[in-house]
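Data first, discussion second: the structure below is written as structure tokens.
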Amino acid sequence: MTFDRSVKIAPSILSADFADFGREIQAVEAQGADWIHVDVMDGHFVPNLTFGPPAVKAFRHHVKTFMDVHLMIAPVDAYIDAYADAGADMLTAHVEAGPHPHRTLQAIKAAGMKAGIALNPGTPAEAVRDLLPLADMVLVMTVNPGFGGQKFIDMTAKVRTIRDWIGDREIHIQIDGGVTPQTAPLVVEAGADVLVAGSAVFKGGSVANPAPYGENMRAIRASLA
Ligand code: DX5
Ligand code: ZN
């Protein structure tokens, strides 16, 4: 597959109906989602708890696009094979999750997945610089992870710095947290190409009435024009 530099929208199913993930994934893909973003939280690295490998494996049956799994867990390494088995296309770990993020990225790639490295708003860009040769994606958090629906924190200077270091290498920059038609143009202009959006995509719609999902994604795309 050739590297896609265009802007991609990755709805976070954290904002979907938790009793109906399969149909929510189908609905948001039918409405134009490029990737499906899956937020794994452990109640330890972040103050919230979501789902683990068996649930993610069940989601896989419904994802036709690209399953992007964001691990907000610590430690990470013991679970990498379980997420490979669950069918993750991209597995992203936080640089703050342990002392050996380089080893973690090596293990994710060895397990056959694309490897992402995430940084919290309080973590400087420098923390990921030496990891870029192993990374397929850098996830710049624009909220403190743990919950959907939080206010965007401006990290455009960090995005610009990392984009500059990446140069023409095939590494995505993903933004996660508070992405809306108001904030998306700021981060795309700074060099991001994958936009995670939870509340801004799922608001106003449902499995029974999925058209708002498409309208919400088109509003984000239109803001970039
Ligand atoms: C936050 C998660 C996000 C979250 C984004 O910890 O990593 O993916 O779902 O939600 P919104 O788009 O509502 O800020
Ligand atoms: Zn996320």
Side-chain angles (χ1 to χ4, degrees), residues 7-18 21 24-25 28 31 33-52 55-56 59 63 65-74 76 79 83 86 88-97 108 113-123 136-156 159 172-188 192-205 212-213 215-217 219-221 223-224:
V7 175
K8 293 158 287 295
I9 298 184
S12 164
I13 59 167
L14 192 62
S15 292
D17 176 355
F18 270 44
F21 279 123
E24 287 277 43
I25 290 166
V28 83
Q31 291 293 325
D34 296 296
W35 295 8
I36 297 295
H37 183 83
V38 177
D39 285 306
V40 173
M41 304 186 185
D42 67 352
H44 164 75
F45 181 72
V46 290
N48 194 6
L49 197 56
T50 55
F51 24 71
V56 175
F59 305 158
V63 177
T65 56
F66 185 85
M67 192 164 76
D68 169 38
V69 178
H70 176 193
L71 296 182
M72 287 160 274
I73 68 172
V76 172
Y79 299 97
Y83 287 99
D89 293 303
M90 174 84 74
L91 195 66
T92 298
H94 270 260
V95 71
E96 305 88 357
I108 292 171
M113 295 171 284
K114 303 259 187 223
I117 189 75
L119 356 49
N120 286 330
T123 302
D136 297 292
M137 184 171 83
V138 178
L139 165 48
V140 178
M141 292 299 303
T142 42
V143 295
N144 287 297
F147 304 94
Q150 302 183 81
K151 192 175 179 303
F152 178 82
I153 302 168
D154 189 350
M155 291 285 137
T156 48
V159 173
H172 299 291
I173 298 183
Q174 181 175 61
I175 302 297
D176 187 3
V179 171
T180 66
Q182 286 69 47
T183 58
L186 307 173
V187 293
V188 168
D193 68 308
V194 189
L195 304 177
V196 175
S199 44
V201 168
F202 284 93
K203 70 169 186 196
Y213 299 166
E215 290 157 20
N216 293 337
M217 287 187 275
I220 294 172
R221 288 189 213 282
S223 77
L224 307 174

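Index from 1, following the sequence. Remember, it's a predicted structure, so these values are computed and weren't measured experimentally. Order of listing sets the numbers, starting from 1, for every ligand and every atom in it.
- Of the protein's non-hydrogen atoms, Asp176 OD1, 3.5 Å is the one closest to atom 5 (C) of ligand 1.
- Interface of Pro145 with ligand 1, defined as ligand atoms under 4.0 Å from a residue heavy atom, comprises 6 (O).
- The Gly146 neighbourhood of ligand 1 comprises atoms 1 (C), 6 (O), with distances under 4.0 Å to a heavy atom of that residue.
- No donor-acceptor pair closer than 3.5 Å links the side chain of Thr92 to the backbone N or O of Leu139.
- Nearest to atom 9 (O) of ligand 1 by heavy atom, out of Ala200, Ser12, Ala10, is Ser12.
- Proximity to His37 (heavy-atom distance under 4.0 Å) selects the following atoms of ligand 1: 8 (O).
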Stepwise side chain to side chain contact (heavy atoms under 4.5 Å, CB included) test for Met217 and Val28:
CA-CA 9 Å; Met217 287 187 275; Val28 83; 3.9 Å; yes
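- With contacts defined as side-chain heavy-atom distances shorter than 4.5 Å, the pair Val196/Val179 does not qualify.
- Not a single ring pair (Phe, Tyr, Trp, His ring centres under 6.0 Å) links Tyr83 to another residue, sequence neighbours left out.
- Of all protein heavy atoms, the one closest to atom 1 (C) of ligand 1 is Phe147 O, 3.5 Å.
- The atoms of ligand 1 that sit less than 4.0 Å from any heavy atom of Gly148 are 10 (O), 13 (O).
- Aromatic ring pairs are classed by plane angle as parallel below 30°, tilted from 30° to 60° and perpendicular above 60°; the pair His94 and Phe45 is tilted.
- Considering backbone and side-chain N/O of Asn144, none are found under 3.5 Å from N/O of ligand 1.
- Around the Zn ion (ligand 2), protein N, O or S atoms at less than 2.8 Å number 4.
- Distances shorter than 4.0 angstrom occur between a heavy atom of Gly177 and an atom of ligand 1.
- Those atoms of ligand 1 with a heavy atom of His70 less than 4.0 angstrom away are 7 (O).
- For Ala115, the side-chain contact (heavy atoms from CB on, under 4.5 Å) criterion is met by Leu105, Ile108, Lys109, Asp136, not counting sequence neighbours.
- Closest to atom 12 (O) of ligand 1 among all protein heavy atoms lies Gly198 N, 2.7 Å.
- The closest donor-acceptor contact from the side chain of Asp42 to the backbone of Ala74 lies under 3.5 Å.
- Listed by number with element, the atoms of ligand 1 under 4.0 Å from a non-hydrogen atom of Gly149 are 10 (O), 11 (P), 13 (O), 14 (O).
- For ligand 1, the atoms sitting less than 4.0 Å from at least one non-hydrogen atom of Met41 are 6 (O), numbered in the order shown with element in parentheses.
- A perpendicular orientation is assigned to the rings of Phe51 and Phe59, their planes being inclined by more than 60° (bins at 30° and 60°).
- Residues Glu24 and Phe202 are in side-chain contact: their nearest non-hydrogen atoms beyond the backbone lie under 4.5 Å apart.
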Indicate every side-chain donor-acceptor pair of residues 34-41 with a distance under 3.5 Å to a residue at least two apart or in another chain.
residue : atom : partner : partner atom : Å
Asp34   : OD2  : Ile9    : N            : 2.8
Asp34   : OD2  : Arg221  : NH1          : 3.2
Asp34   : OD2  : Arg221  : NH2          : 3.2
His37   : ND1  : Asp68   : OD2          : 2.8
His37   : NE2  : Asp39   : OD1          : 2.9
His37   : NE2  : His70   : ND1          : 3.4
His37   : NE2  : Asp176  : OD2          : 3.2
Asp39   : OD1  : His70   : ND1          : 3.1
Asp39   : OD2  : Ser12   : OG           : 2.6

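- Distance alone, capped at 3.5 Å, is enough to place a donor-acceptor pair between the Glu96 side chain and the Asn120 backbone.
- Heavy-atom minimum distance, Ala184 versus Ser223: CB-OG, 4.0 Å.
- The CG atom of Leu224 lies 10.0 Å from the CG atom of Leu186; values are rounded to the nearest 0.5 Å.
- Every atom of ligand 1 with a heavy atom of Met72 under 4.0 Å away is listed here by number and element: 6 (O), 7 (O).
- Counting only heavy atoms of the protein, atom 13 (O) of ligand 1 lies nearest to Ser199 OG, 2.5 Å.
- At distances below 3.5 Å, at least one donor-acceptor pair connects side-chain atoms of Asp193 with backbone N or O atoms of Ile173.
- With hydrogens left out, the protein atom closest to atom 14 (O) of ligand 1 is Gly178 N, 2.8 Å, a heavy atom.
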